[in-house]
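I have placed the structure first, in the form of structure tokens, so that the comments after it can refer back to it.
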Amino acid sequence: MTYTPKSEFMRVMMERGFLADCTDYQALDDALIEGVVPAYIGYDATAKSLHVGHLMNIMVLRWLQKCGHKPITLMGGGTTKVGDPSFRSDERPLLDNAAIDANIDGMKQVFAKYLSYGEGKSDAIMLNNAEWLDELNYLSFLRDIGRHFSVNRMLSFESVKSRLDREQSLSFLEFNYMILQAYDFLEINRRYGCLLQMGGSDQWGNIVNGIDLTRRVLDNQIFGLTTPLLTTSDGRKMGKSQGGAIWLNADMLSPYEFWQFWRNTTDADTGKFLKIFTELSVEECDRLGSLEGQAINDAKIILANEVTTLCHGAEAAAAAEATAREVFEKGGVGEDLPTVTLPASEVGEAISAAQLFVKSGLVGSGKEAKRLISEGGAKVNDEAVTDAGQMFGAEALKATVKLSAGKKRHALVNLA
């Protein structure tokens with residue numbers, strides 16, 4: 001739809017590519033002009049860190065606060081015990097309370113870098129839905145909340161329908177998730193005056209459920225806004241690499257590897273990612289994204305530095321760039337490269353080139369390592385490896401060895 005925003009926040013959402021859909025553009029825009037709008041995004045505690053796939057919505061919360069409104073980060077201490085079935089092919093593994101609490105502690109470290117928490121009008125607050133979900137009485141909940149939900153309508157939501165169409169099992173436990181998420185919105189509105197829930201486009205059905213439930217129970221007007229599913233120019237889901245998830249916590253992924261992920265952005269995605277993941281002006285993002293040849297590589301370095309500065313600090317970004325220049329431009333061994341220390345028991349007297357690349361984490365399997373070597377993409381200390389069975393003795397590994405998989409991925413390996 002064509003809509004000209006009046007509020008700063010809606011303008012940012014549209015100009016920078018954050019907006020997929022909204023339940024009522026005009027009414028939400030009016031509310032954003034009238035005063036401070038509290039808005040939340042929910043995060044289930046399924047891992048000890050958030051990853052790049054979460055970063056778009058974290059930036060939405062950051063822009064919300066920069067525009068004078070109040071971000072609410074909702075930790076799913078309760079809903080994690082159930083598991084969101086949205087567009088999954090199987091049931092999430094269930095975690096105990098200790099694991100959930102440990103994961104929430106890890107996730108808090110990320111939010112503290114992007115948001116300012118406190119007691120002020122636009123200061124962020126962090127909530128945990130276990131606060132109200134853990135205390136629910138099942139029969140009362142069925143009577144007071146469950147009666148507002150139509151099973152027919154719930155079955156029509158794409159996140160559920162896609163599972164059933166593929167004849168994949170959907171447990172009753174998971175089926176309840178959308179009711180609990182709707183109830184979250186009701187409770188956050190009732191307790192904290194929250195007017196807006198935001199999330200990825202896959203959460204549209206859950207968000208609409210919460211709006212409808214809150215209208216039925218409290219007769220309050222609230223809103224929903226979704227961000228688009230972010231894919232790279234070649235159609236891949238944003239946030240995955242050959243080594244797995246791109247974590248936002250430094251103890252899960254080094255700042256150098258994080259920086260390198262952004263430096264490896266394709267030419268076609270550079271402008272879009274600058275708008276979404278940095279705070280550079282839209283005009284500057286467009287200018288950088290339109291560069292060609294060597295100049296677009298300079299734009300990618302700006303992207304990597306800006307994103308890494310927000311997540312890990314300016315010092316980490318500068319160190320990562322310095323390491324990259326040492327490795328790529330001078331052929332050296334950068335001290336900031338990811339380092340893997342192998343126990344002597346795993347190496348024995350010697351280890352094959354294929355296994356060395358597997359244990360370094362640069363490839364996921366021996367088959368992948370053999371393909372890398374056969375295609376000429378494997379190097380040890382900048383020397384090409386042509387034989388997957390080439391042996392490297394324990395003595396040679398006592399000194400740090402630099403492994404390269406192609407031109408852009410490197411790791412250091414040494415012996416314990």
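Given the structure is predicted, the values throughout are model-derived calculations rather than measurements.
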Regarding T270 and T265, do their side chains bring together a donor and an acceptor under 3.5 Å, going by distance alone? no

Are the side chain of [X] and the backbone of [Y] linked by a donor-acceptor contact shorter than 3.5 Å?
X	Y	value
S290	R287	yes
D44	T46	no
R147	R143	yes
N189	C194	yes

Do I179 and N209 have side chains that approach each other closer than 4.5 Å (heavy atoms only, starting at C-beta)? no

Is there a side-chain contact between F277 and L55 in this structure, where contact means two heavy atoms from C-beta onward sitting under 4.5 Å apart? yes

What pairs with W247 under ring-ring contact (aromatic ring centres under 6.0 Å, His included), at least two apart in sequence or on another chain? H51

Set of side-chain hydrogen bond (donor to acceptor under 3.5 Å, both in side chains) partners for T226, sequence neighbours left out: none

Measure the acute angle between the ring planes of Y43 and F111, then classify it against the limits of 30° and 60° as parallel, tilted or perpendicular. perpendicular

Results of side chain to side chain contact (heavy atoms under 4.5 Å, CB included) for E306 - residues two or more places apart only: T278, L280, I302

Tell me, please, which residues at least two apart from N103 pass side chain to side chain contact (heavy atoms under 4.5 Å, CB included). A45, K48, L95

Does K81 come within less than 4.0 Å of D96, counting only side-chain N to carboxylate O? no

With sequence neighbours left out, which residue pairs that include part of residues 11-24 fulfil the side-chain hydrogen bond (donor to acceptor under 3.5 Å, both in side chains) condition? R11-E15

Filter on side-chain hydrogen bond (donor to acceptor under 3.5 Å, both in side chains), then keep only pairs touching residues 104-122, sequence neighbours left out; what's left? T73-Y117

Only one of F223, Y192, F185 passes ring pair (Phe, Tyr, Trp, His ring centres under 6.0 Å) with Y40; say which it is. F185

